[in-house]
Amino acid sequence: MTIHQNLIAGEWVGTTGSENVNPSDTNDIVGVYAQATADEVKQAIAAAKAAFPGWSRSGILERHAILKKTADEILARKQELGTLLSREEGKTLAEGIGEVTRAAQIFDFFAGETLRLAGEVLPSARPGIGVEITREPLGVIGIITPWNFPIAIPAWKIAPALCYGNTVVFKPAELVPGCSWAIVDILHRAGLPKGVLNLVMGPGSVVGQTMLDSPDIAGITFTGSTGTGKRVAAASIEHNRKFQLEMGGKNPMIVLDDADLGVAVEAAANSGFFSTGQRCTASSRLIVTEGIHDKFVNALTERMKNIQVGHALKPETHVGPVVDVRQLKQDTDYIEIGVKEGAKLAFGGERLERDTPGFYLQPALFTEATNQMRISREEIFGPVVSVIRVKDYDEALAMANDTPFGLSAGIATTSLKYATHFKRNSEAGMVMVNLPTAGVDFHVPFGGRKASSFGPREQGKYAAEFFTVVKTAYTLA
Ligand code: UN1
């Protein structure tokens, strides 16, 4: 098999690689991807540093053209790239194509943003002096992305980094290098000058660590686990470096007695189980008031019986496999923990056999859970959801906020009063009313509070907060 190489200083390099395995069928090798050495990572950082003066002063039309061309090619190839995504990550083809479309929309949005770069001009407090406030690029940005959104998350970090004039060293998740390689190839062919975007695939212990240790990386944007996020933070403080972290979630969805049952069940099934529950925006705590509890649990269990778990590329599949054996063990360990803690496994949770060897798991629903159980406090990152019974809205709100995390939160209700109160009083960064907690738009801010996030929001025009630094200039007229 040919090796998909790393891109360093405009050259494709690397002679040894690691296999990218399809979680729907472990006999299917998606491709072989180079593993960068620490020296290569250092070369990539040096290349990005050398390319920065030129790129940061490049014309906005050049940046616009490259980002727009990238958006257009991603969209034109959405079937092919969606298939690659589903093969390497295991989400269904519909989800894969949807995510590829989102990546194209993100590049398109930031192509537009290159034409809208603006500052402010103010009079000084001192007569005869003018003040200008402008945004400048940071320098070399380190980008570290997780495996669960193999194309959308790289897109929403790379596109703004380049739009605002930064250069990039990009480390994709080891499990899913395929889509990342494809977008770097597209950007390279779209005409990025050499060194502006460098791809360094490989393990966190080598590639990530070398990035964290480099004094030449001015900012790191990271999405992944809370544990790794803390290491990124500690290393960045050491180097006086700006950092942005998106980490875990334990997102609540409240279901009130007055909810439309169909809407509530669909939102819960979507955000709990679709994408195999492998979204930091997934709802894993369903907080349900007494009057609707039993009806809701019955309807959700019925809905779960219709969820087809199978090979990601089969058209009848609703939920693909778990991403790998390690994540599968984490999911099944938590299912055991939930049972030991005294929650009732109301549905699912078994390993499933399919025609091909893969990591198939029946989505699991716990009832009679409490908010203190580990299954309600720790992020599982699989299709495992707990239902917690409460007496009323006030108890539900307190419980929704009683978590170390704060990414997204939902409520299913037909009451304007409760919906409005929840939007104001939820301690999450994103609130959804009668909608799944997962599945966000590409053009508005994304991010959370507490242990879920650190630093400015991602996406939309708010992305400028992280990817630029503000300058205030005074001129005597
Ligand atoms: C979504 O719910 O559409 O890793 C996006 C994650 C998030 C992205 C969620 N950073 O799951």
TODO: May I ask you to check whether F243 and F454 place their ring centres under 6.0 Å from each other?
DONE: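 Under 6.0 Å, so yes.
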How far apart are the closest heavy atoms of [X] and [Y], and which atoms are they?
X	Y	result
A103	I74	CB-CG2, 4.5 Å
L212	R241	O-NH2, 2.9 Å
T92	G320	CG2-N, 4.1 Å
N6	Q35	ND2-C, 3.9 Å
R449	S426	NH1-O, 4.0 Å
P363	V309	CD-CG2, 3.6 Å

- [ ] Kindly determine whether R116 and K461 satisfy side-chain contact (heavy atoms from CB on, under 4.5 Å), including the steps that lead there.
- [x] CA-CA 10 Å; R116 284 188 284 267; K461 65 180 190 303; over 6 Å; no
Decide yes or no for [X] and [Y]: does some side-chain heavy atom of the first lie under 4.5 Å from some side-chain heavy atom of the second?
X	Y	result
T114	C163	yes
E136	S56	no
H239	S214	no
N198	V184	no
S284	E379	no
F110	I106	yes
V325	T26	no
F52	P137	yes

Any donor-acceptor N or O pair under 3.5 Å, side chains [X], [Y]:
X	Y	result
N148	Q278	no
Q327	D331	yes
R135	T468	yes
S283	T437	yes

TODO: Could you pull out all residues at least two apart from N22 that satisfy side-chain contact (heavy atoms from CB on, under 4.5 Å)?
DONE: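 N22: side-chain contact (heavy atoms from CB on, under 4.5 Å) contacts with S24, D25, D28, V30, R87, H311.
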Give, for atom [atom1] of [X] and atom [atom2] of [Y], the distance between the pair rounded to the nearest 0.5 Å.
X	Y	atom1	atom2	result
T332	I380	OG1	CD1	11.0 Å
F422	L397	CZ	CG	6.5 Å
F107	L75	CZ	CG	13.0 Å
I45	E40	CD1	CD	12.0 Å
L199	I158	CG	CD1	8.0 Å
L187	I66	CG	CD1	8.0 Å

Answer yes or no: is there a donor N or O on one side and an acceptor on the other, between the side chain of [X] and the main chain of [Y], under 3.5 Å?
X	Y	value
H443	G460	no
S408	V431	no
K250	E378	yes
K230	S225	no
Q244	G455	no
E132	A473	no
K242	F466	yes
N251	R285	no

Quick check: are there more than 12 heavy atoms from other residues, nucleotides or ligands sitting under 6.0 Å from [atom1] of [X]?
X	atom1	result
E238	CD	no
R189	CZ	yes
Q308	CD	yes

Open item on the list: Looking at E246 and R457, is any side-chain nitrogen of the basic one under 4.0 Å from a carboxylate oxygen of the acidic one?
Closed with: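 No, no charged N to carboxylate O under 4.0 Å.
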TODO: Any chance you could lay out the side-chain contact (heavy atoms from CB on, under 4.5 Å) test for S58 and R63, step after step, and finish with the verdict?
DONE: CA-CA 7 Å; S58 59; R63 289 186 229 165; 3.0 Å; yes
Open item on the list: Show every salt bridge (Lys or Arg N to Asp or Glu O under 4.0 Å) that has at least one partner inside residues 211-223, sequence neighbours left out.
Closed with: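 Pairs touching residues 211-223 that pass the test: K49-D216.
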Task: Sequence neighbours excluded - salt bridge (Lys or Arg N to Asp or Glu O under 4.0 Å) pairs with any residue from residues 95-110 - done: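 Output for this query lists K68-D108, K91-E99.
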Open item on the list: Applying salt bridge (charged side-chain N to carboxylate O under 4.0 Å, His left out), can you list everything that pairs with K329, at least two apart in sequence or on another chain?
Closed with: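 D333.
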Open item on the list: Can you list everything that forms a ring pair (Phe, Tyr, Trp, His ring centres under 6.0 Å) with H188? Sequence neighbours excluded, please.
Closed with: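 If we apply the ring pair (Phe, Tyr, Trp, His ring centres under 6.0 Å) test to H188, skipping adjacent residues, the hits are W12.
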TODO: Show your working on side-chain contact (heavy atoms from CB on, under 4.5 Å) between V433 and K423 and close with a plain yes or no.
DONE: CA-CA 8 Å; V433 179; K423 280 191 274 184; 4.0 Å; yes
- [ ] Test side-chain contact (heavy atoms from CB on, under 4.5 Å) on Q459 and V440 and set out the steps.
- [x] CA-CA 10 Å; Q459 303 206 72; V440 300; 4.2 Å; yes
TODO: Any pair with a residue in residues 156-177 that passes side-chain hydrogen bond (donor to acceptor under 3.5 Å, both in side chains), sequence neighbours left out, goes on the list, sorted by first then second residue, please.
DONE: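 Every side-chain hydrogen bond (donor to acceptor under 3.5 Å, both in side chains) pair that includes a residue of residues 156-177, provided the two are not neighbours, is W156-E458, K157-T221, K157-T223, K157-E458.
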